[in-house]
2 protein chains.
Amino acid sequence: MDRRITKKGDDDTSGKERPTLKTLAFMTGLGVTTVSRALKDAPEIGAETRRRVQLVAKQIGYRPNRAGVRLRTGKTNVISLVLNTEHELMSFVSDIIYGVTEVIADTPYHLIVTPYSRSQDPLDPVRYLVETGSADGVIISRTQPNDPRARYMLERGIPFATHGRTDMGLVHPYHDFDNYTFAGEAVRYLAGRGRNRLALVTPPVGLTYYGHTIAGFADALSEVGASEVPFNTVSIDQSIEQIRMRTAQLMRRKDRPDGFVSSAAAATLAIVAGIEDAGLKLGRDVDVVSKQSSELLHLFRRELLVVNENFRLAGSELARAVLGWIGGADPGSLQSLSTPSEVLPYRG
Amino acid sequence: MDRRITKKGDDDTSGKERPTLKTLAFMTGLGVTTVSRALKDAPEIGAETRRRVQLVAKQIGYRPNRAGVRLRTGKTNVISLVLNTEHELMSFVSDIIYGVTEVIADTPYHLIVTPYSRSQDPLDPVRYLVETGSADGVIISRTQPNDPRARYMLERGIPFATHGRTDMGLVHPYHDFDNYTFAGEAVRYLAGRGRNRLALVTPPVGLTYYGHTIAGFADALSEVGASEVPFNTVSIDQSIEQIRMRTAQLMRRKDRPDGFVSSAAAATLAIVAGIEDAGLKLGRDVDVVSKQSSELLHLFRRELLVVNENFRLAGSELARAVLGWIGGADPGSLQSLSTPSEVLPYRG
DNA sequence: TCAATATACTGAAACGTTACAGATTGCCAA
DNA sequence: TTGGCAATCTGTAACGTTTCAGTATATTGA
């Protein structure tokens with residue numbers, strides 16, 4: 001069945017059909033080739049012709065057919081955001097998405113979301129995208145120091161950006177939050193309040209920023225002369241209940257910490273619940289510094305100390321980076337690091 | 001510049017190139033037409049040929065080229081989720097996305113996210129999608145009783161599903177949470193605890209579920225003989241600070257409410273903050289029943305009373321609905337309503 | 001036996017775009 | 001005048017798919 005409504009004749013300018021190059025060619029009396037080139041400012045088209053074509057195109061609202069372009073050139077005008085469906089339950093995903101869409105709004109690009117589940121190899125969705133040529137650029141998160149996805153995409157020459165850095169001696173665009181500084185500042189702040197037995201709620205083991213975080217934590221600890229209370233059984237991608245229970249256990253011991261540094265807001269809620277389960281009071285018995293991506297923690301407990309991480313910004317930076325690489329920029333110049341805010345106590 | 005690496009000859013089965021129908025045709029010794037039809041189980045293809053083609057296709061990992069299909073047939077294999085970038089900051093967006101992706105995972109469909117900002121006409125992105133033929137199906141939220149987007153898509157004959165119902169006498173797929181029942185149950189529960197001066201934190205005025213919510217609230221109020229404390233200056237898409245401030249003002253008045261029904265978790269945080277700003281205590285001076293989409297409110301204050309709304313389910317249902325309509329099902333049969341959980345107090 | 005018919009397959013055209021290899025025109029130098 | 005060249009423009013083919021209108025072969029009916 002043919003979708004077209006008008007009959008086979010080529011010369012219809014009449015109907016409701018979407019205009020194509022052929023339509024423009026007919027209206028201007030030029031050939032489709034000329035029209036095509038005029039629209040992309042090719043040099044061998046006369047200045048007046050060019051203006052004329054572009055005017056008509058604007059008037060009738062011509063938009064290139066994506067399928068045509070994609071079939072002919074391989075260019076999809078698609079950026080794919082690859083997301084883990086299990087871990088990234090947490091809200092910040094929508095912030096990243098909005099950050100990305102903000103940047104690509106004025107471009108011909110579309111954003112497609114490519115999910116994968118815990119059980120899958122994280123490489124699967126990336127391989128799919130590359131093999132089927134479904135995107136011009138890819139954004140991945142949950143980046144690892146030695147990340148097979150980044151390695152694969154570098155090999156295959158497809159532009160991408162990672163949320164978080166790698167450590168493979170390979171250069172590619174990324175955006176990262178400076179978690180080394182975050183953890184360090186958190187420790188220094190707690191030390192400033194006289195806390196000196198600190199526990200760290202780490203990012204997921206294996207991700208690059210896990211390393212950054214524990215390094216910042218450890219370095220600052222020795223700098224200020226505080227000590228670490230090991231809390232290795234907990235990381236932020238565990239369930240709320242797990243974290244809460246483990247925290248309560250920890251806080252009932254005599255050698256309990258008097259300060260926490262938490263890498264995620266959701267985990268912080270659980271930490272606080274655990275602290276209170278153990279009958280202790282936030283701000284008196286223990287202080288908690290936590291990252292957050294929306295301004296909610298101070299509503300939760302005003303004693304909490306927060307550092308803001310802006311995921312919408314991350315999304316924007318990542319989008320800019322991929323687009324930059326697609327546009328031919330040097331990958332090494334498309335790396336950005338976001339500096340943590342100061343540690344912020346509640347200000348009434 | 002030609003993308004292809006191998007030379008012009010048509011008969012390459014050698015290289016790393018992605019297999020096409022032509023490749024399959026060459027390998028099987030058939031024509032491309034036959035291969036095409038064999039792959040889609042057309043009746044005029046011999047049973048053995050069909051199996052042979054499908055086997056080879058599986059072996060070499062043939063996947064139809066989306067651009068080719070789209071150009072020829074107009075089928076995009078894309079579902080678009082249209083989102084407001086300003087209001088829907090709140091976390092549940094990611095849940096919807098994951099719900100959608102879960103359903104389309106085993107289909108050839110991709111999910112694209114089409115954003116629009118507050119300033120824009122909500123119809124704009126929908127018009128864009130339809131005019132450029134960018135999607136086979138659309139999912140919209142923030143549905144209004146008389147929704148121009150739904151009307152437009154019905155006119156243009158493009159399958160869609162709405163998150164929330166309309167009230168235009170037109171039939172189309174939707175998924176909705178039963179907010180009438182939610183508000184009613186909340187009132188009854190509060191009345192059961194002896195609360196009889198209740199305030200409602202409404203959904204955004206103008207959306208369909210605003211009406212459902214206030215109706216459920218009002219009906220239950222008169223049923224149990226409680227009275228409403230007007231709180232019209234507040235709705236859930238206001239800023240945290242606004243809600244908090246207004247709540248504090250309200251709670252300092254002598255005719256303050258002794259119960260709240262809140263339509264969103266984020267607003268509830270602000271409500272509680274406002275209550276406490278006024279020096280009152282949750283559970284003693286006032287009770288709050290709130291919807292939530294993740295299990296966080298009980299961590300926040302255990303005195304809170306919650307009702308769960310599952311947005312991941314909503315995403316799945318919406319996706320199923322659009323796919324169903326695309327697949328030719330009766331739109332009227334693709335409507336679903338999700339029943340609220342009971343009101344849940346904290347259970348240690 | 002012959003025509004009608006069913007079965008299994010096929011080439012060509014088209015969707016909208018861009019790259020390639022011309023074609024046409026005018027102008028200038030020799 | 002003529003050859004050469006630059007400036008503009010154009011037709012054809014190709015990307016991978018599906019549909020249309022066949023063709024070739026076997027099967028059936030009388």
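Throughout, protein chains are lettered first and strands after them, A, B, ... in sequence-line order, and every chain is numbered starting at 1.
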Checking Thr20(A) now: which residues fulfil side chain to side chain contact (heavy atoms under 4.5 Å, CB included) with it, not counting sequence neighbours? Lys22(A), Thr23(A)
Any residue meeting side-chain hydrogen bond (donor to acceptor under 3.5 Å, both in side chains) with Asp330(B), in chain and number order, not counting sequence neighbours: none
Option among Gln144(B), Arg151(B), His172(B) that satisfies the side chain to side chain donor-acceptor pair (under 3.5 Å) test with Thr166(B): His172(B)
Please determine whether side-chain contact (heavy atoms from CB on, under 4.5 Å) holds for the pair Tyr98(A) and Leu83(B), giving the CA-CA distance in whole Å, both sets of side-chain angles, and the decisive distance to 0.1 Å. CA-CA 9 Å; Tyr98(A) 289 137; Leu83(B) 293 176; 3.8 Å; yes
Is the phosphate of dG16(C) approached by Lys22(A) (side-chain N or O, under 4.0 Å from OP1 or OP2)? no
Gap between atoms CG and P, on Leu71(B) and dT17(C) respectively (whole Å): 9 Å
Rounded to whole Å, CZ of Arg18(A) lies from C1' of dT17(C) at a distance of 12 Å
Taken in chain and number order and not counting sequence neighbours, the residues that satisfy side chain to side chain contact (heavy atoms under 4.5 Å, CB included) with Arg320(A) are Val103(A), Ser316(A), Glu317(A)
The salt bridge (Lys or Arg N to Asp or Glu O under 4.0 Å) partners of Glu44(B) (sequence neighbours excluded) come to Arg37(B)
Identify which nucleotide among dT18(D), dT17(C), dT17(D) has an atom closest to any side-chain atom of Leu21(A), counting heavy atoms from C-beta outward. dT17(C)
In whole angstroms, the gap separating P of dG16(C) from CG of Asn77(A) amounts to 18 Å
Distance in angstrom units between Lys40(A) NZ and dG16(C) P, rounded: 16 Å
For Thr28(B), what residues pass the side-chain hydrogen bond (donor to acceptor under 3.5 Å, both in side chains) criterion, not counting sequence neighbours? none
Arg50(A): side-chain hydrogen bond (donor to acceptor under 3.5 Å, both in side chains) partners, not counting sequence neighbours: none
Ring pair (Phe, Tyr, Trp, His ring centres under 6.0 Å) pairs, two or more places apart, involving residues 316-335 of chain B: Phe160(B)-Trp325(B)
Base of dT18(C) paired with side chain of Arg72(A) (donor-acceptor, under 3.5 Å): yes
Any N/O pairs under 3.5 Å between the protein and nucleotides 6-11 of chain D? List them or say none.
unit_1: dC9(D); atom_1: OP1; unit_2: Thr49(A); atom_2: OG1; d: 2.8
unit_1: dC9(D); atom_1: OP2; unit_2: Gly46(A); atom_2: N; d: 2.9
unit_1: dC9(D); atom_1: OP2; unit_2: Thr49(A); atom_2: OG1; d: 3.2
unit_1: dT10(D); atom_1: OP2; unit_2: Gly31(A); atom_2: N; d: 2.8
unit_1: dT10(D); atom_1: OP2; unit_2: Thr34(A); atom_2: OG1; d: 2.6
unit_1: dG11(D); atom_1: N7; unit_2: Thr33(A); atom_2: OG1; d: 3.2
unit_1: dG11(D); atom_1: O6; unit_2: Thr33(A); atom_2: OG1; d: 2.7

What parts of residues 57-65 of chain B reach DNA chain D, counting only heavy atoms under 4.0 Å away? Tyr62(B), Pro64(B), Asn65(B)
Could you list the residues that satisfy side-chain hydrogen bond (donor to acceptor under 3.5 Å, both in side chains) with Thr132(A), not counting sequence neighbours? Ser134(A)
Can you list every side-chain hydrogen bond (donor to acceptor under 3.5 Å, both in side chains) pair that touches residues 53-65 of chain B, not counting sequence neighbours? Asp41(B)-Gln54(B)
Note the angle between the end axes of the helix from dT1(C)-dA30(D) to dA30(C)-dT1(D), five pairs defining each, rounded to 10 degrees. 60°
Does Ser36(B) have a side-chain nitrogen or oxygen under 4.0 Å from the phosphate oxygens OP1 or OP2 of dT18(D)? yes
